[in-house]
Amino acid sequence: MGQQPVLEMRGIHKQFPGVKALSNVDFRLFAGEVHALMGENGAGKSTLIKVLTGVYSIDQGSVKLAGEAVHLKSPLEAQNAGISTVYQEVNLCTNLTVAENIFIGREPKRFGRIQWKEMNRSAEKLLKERMQLDIDVTLPLHAYSVAIQQLIAIARALNISAKVLILDEPTSSLDANEVAQLFGIIRKLKAEGLAILFVTHFLDQVYEVSDRITILRNGNLIGEYMASELPKLELVSLMIGKDLNQLEQLPTKSTSDKFRHNEMIAEAKGASRTGGIEPFDLQIRKGEVVGLAGLLGSGRTETARLFFGADSLDQGSISIKGSKESVDSPRKAINQGVAFCSENRKLEGILDDLTVRENIIVALQSTRGWHKPISRKKQNEIAEHYIKLLNINPPSADHLIKNLSGGNQQKVLLARWLLTEPKLLILDEPTRGIDVGAKAEIQRLVLDLSEDGVSVLFISSELEEVLRVSHRIAVLRDRRKIKEISDEEMTEHNIMKTIAGGEA
Amino acid sequence: MKNIVRHHLFWPTAILFSLLLFNFVYSPDFFSIVVREGKLYGSLIDILNFGAPLMLVSIGMTLVIATKGIDLSVGSIVAIAGALSCLLVSKGSDQNALSLVLSAMGLALLLSLLLGVWNGILVAKAGIQPIIATLILMVAGRGVAQLITSGQIITVNSEKYAFIGTGALASLPVSIFVVLIVLAIAILFTRKSAMGLFIESVGSNPEASRLSGIRSKMVLLIVYVFCGLCAGIAGLLVSSNVSSADGNNAGLWYELDAILAVVIGGTSLNGGRFYLIGTIIGALMIQTLTTTIYMIGIPPEITLVVKACVVLVVCLIQSETFRKALIQRWKTRNYPAEREVTTNVNQ
């Protein structure tokens, strides 16, 4: 390409205490193209983005924007230079209105007073024109789903940015329709000449919108490729540095017949919660993996939360084997052998100020009560065991969990619940924002647990993944359980059709 | 060396020692301790003795702050506990009767425990934000203390009652032993049981704690009750020390000094990790500062200003962000263009 790149990073080095996050990484971005940055967790993708946007300083190396060397020292400077970022976890203020979030720091003012009407009007217009989103912008952000929040975050970035838009895992919380909508917008922006840097874990999405791919592994640059010239399998093996074939092979699972005579572990009868899920029945037998499929907002998470007692039931009952009482609090659920890995790691999962060790033992400790502490020695043994078992990186029990990458935090949370030796493990989006290698590890773990007689309720936005691990799938649509699918009917096509409502 | 600097007690201790050093340079007899009538006297002993109530209040406050809460009512509880016990003792026919003194103290502690329950219920069960929930008792509590004392200063004439505030054990003030016992209980309670983990976990992420099966509400209730109890004991020390109860002024502004001591000790107001020993050092630092200000003869009308200035400096030194910014500025003094924003870096 004879054209000059909009953005050029050369020989970037970045070191954190004890970790070499980036070493000698080059990266270029051309106007009017979508460039995917790929790599496993901890490969340095986020660090590269943060270095670029002035969150972190650069130890060595240069950044050129439109041919001129720049030193961006803060996200604000990066923004002013025309680089806007939308991060993986929505980082807007959920208690402010949509319009305020879009214009925060840049409110239209007259005589020092904020022009509220004008602000609301432009916010509405912006969302309608650029995101095809018709919503009430005067409501607080938390009134909307994470997916809508993400679109609003992108709208905000678009409104600021001029040259470069960075999307860090923008689709990890969007459903298929919303992804399509987003990609439509991305294509439009690309045609307008914007340079877009796109980070995702979804391989299909990479090929859907990207023109060019840069691969990082362990902080090193592996290479830059044209998307059309790089087969998917090769991309994956470049990312993880080993052959993918072994990952693809998961143990074959047997049909639902096998479980028909197993004892019942959990049973919901006419359970419902207003605004959450309409009355439904669901039975989970010993060793069975039941998948919940459906679009975002179809009531998957709500169903899972009812099984854990995280929300209270309005009607019906949910009983766990060996107990007559209905589960009505997480505490009771845990005591009855239920474990719940929430999709919202940050808010409902990790205890960010505490160490990996404490995060692992906390659920077990709470079942034992405060007066029976687990000895420090035992805690260390437990932590070491799970760090090894789940490949948690960095392999140190005394790291603060907030300093771990998303995938490793997820593994710590899995360890927390495995430690309680649950009868029923509820996994809500356990592989969200996790790289291919770790994803396969978690999928295999689910099947291994099932072999050992643990029942699993598995939720994922990736249909392929649900199909892979589940013995039976309950399909949800519009907060209603539509159908249960098992055995030979369990195909992607069938489930899609059910989700879409294309059958009686 | 680097590990020492990074230890969470390094800065509080360093600040305390530099204050002591200043005193030593300013007046060398600051460190002199004399024995009179089997009791030790000297500025250092005074700091421990007068600082005892603050240390007690701060111990309770530490646990409350660790849950991302705050207890503004401790000063009022100090006044109420002192007022009630003094009232009961003064009403007695024989003020020196041990049973009278003990039951007066017991009742006062029971009352402060109930006040802690009140705070705990407002915060944990009613879901009122801690600062508002405890503000209620902070304001109303002064009134209650006045009511108990009928607006007067109640004086007692009881050697037994004065013992915990002025007496000596093994040549040292009794109050020091009271602090040590409460501190030991607090440390054992939090570190030898799993309660410390639960408190830190609730402070760090209440919802995640609930989903991990921790009874968050119970944990909150317990820390507020414990804090109330600590304040009650402090109230007994204060009133015993002067053998009187002043509903208006006893324990005035203790809540603020206690919060300061906790923060200087390294516990964040955002909850999570807490450091009891750090808090004790923080409280000692504040008491040393007060003593120093009196000793070097700063005119009374500007003592508060001087105190505020020192506290400001201490807080700046304590702040990691500020230290990093300072270091960064020094390192890049010749290259202003390379001055990066380091405050956002988690490392």
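Residue numbering restarts at 1 for every chain, and letters A, B, ... go by the order of the sequence lines. Only a predicted model underlies this, so the values are computations on that prediction, with no experimental measurement involved.
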_Atom of A:R416, atom of A:I350 and distance for their closest heavy-atom approach_ = NH2-CA, 4.3 Å

_Counterpart residues, side-chain contact (heavy atoms from CB on, under 4.5 Å), relative to B:I181 (two or more places apart)_ = B:I185

*Quick one: salt bridge (Lys or Arg N to Asp or Glu O under 4.0 Å) partners of A:K377, sequence neighbours excluded?*
A:E381

Looking only at side chains, do [X] and [Y] share a donor and an acceptor under 3.5 Å apart?
| X | Y | answer |
| --- | --- | --- |
| B:T279 | B:T62 | yes |
| A:S396 | A:D398 | no |
| B:T134 | B:N119 | no |

_If you count heavy-atom pairs within less than 4.5 Å of chain A, which of B:S201, B:S204, B:G203 leads?_
B:S204

Please classify the contact between [X] and chain B as side chain, backbone, both or neither, with a heavy-atom cut-off of under 4.5 Å.
| X | value |
| --- | --- |
| A:R305 | side chain |
| A:I334 | side chain |
| A:T47 | neither |

*For chain A, which residues from residues 256-275 of chain B have at least one heavy atom closer than 4.5 Å to it?*
B:G271, B:G272, B:R273

*asked:* Under the ring pair (Phe, Tyr, Trp, His ring centres under 6.0 Å) definition, can you give me all pairs with a residue in residues 184-215 of chain B, not counting sequence neighbours?
replied: A:W370-B:F189

*chain B: which of A:H371, A:K332, A:E358 shares the most heavy-atom pairs with it under 4.5 Å?*
A:E358

*asked:* Under the side-chain hydrogen bond (donor to acceptor under 3.5 Å, both in side chains) test against A:S57, which residue among A:K73, A:H71, A:K14 passes?
replied: A:K14

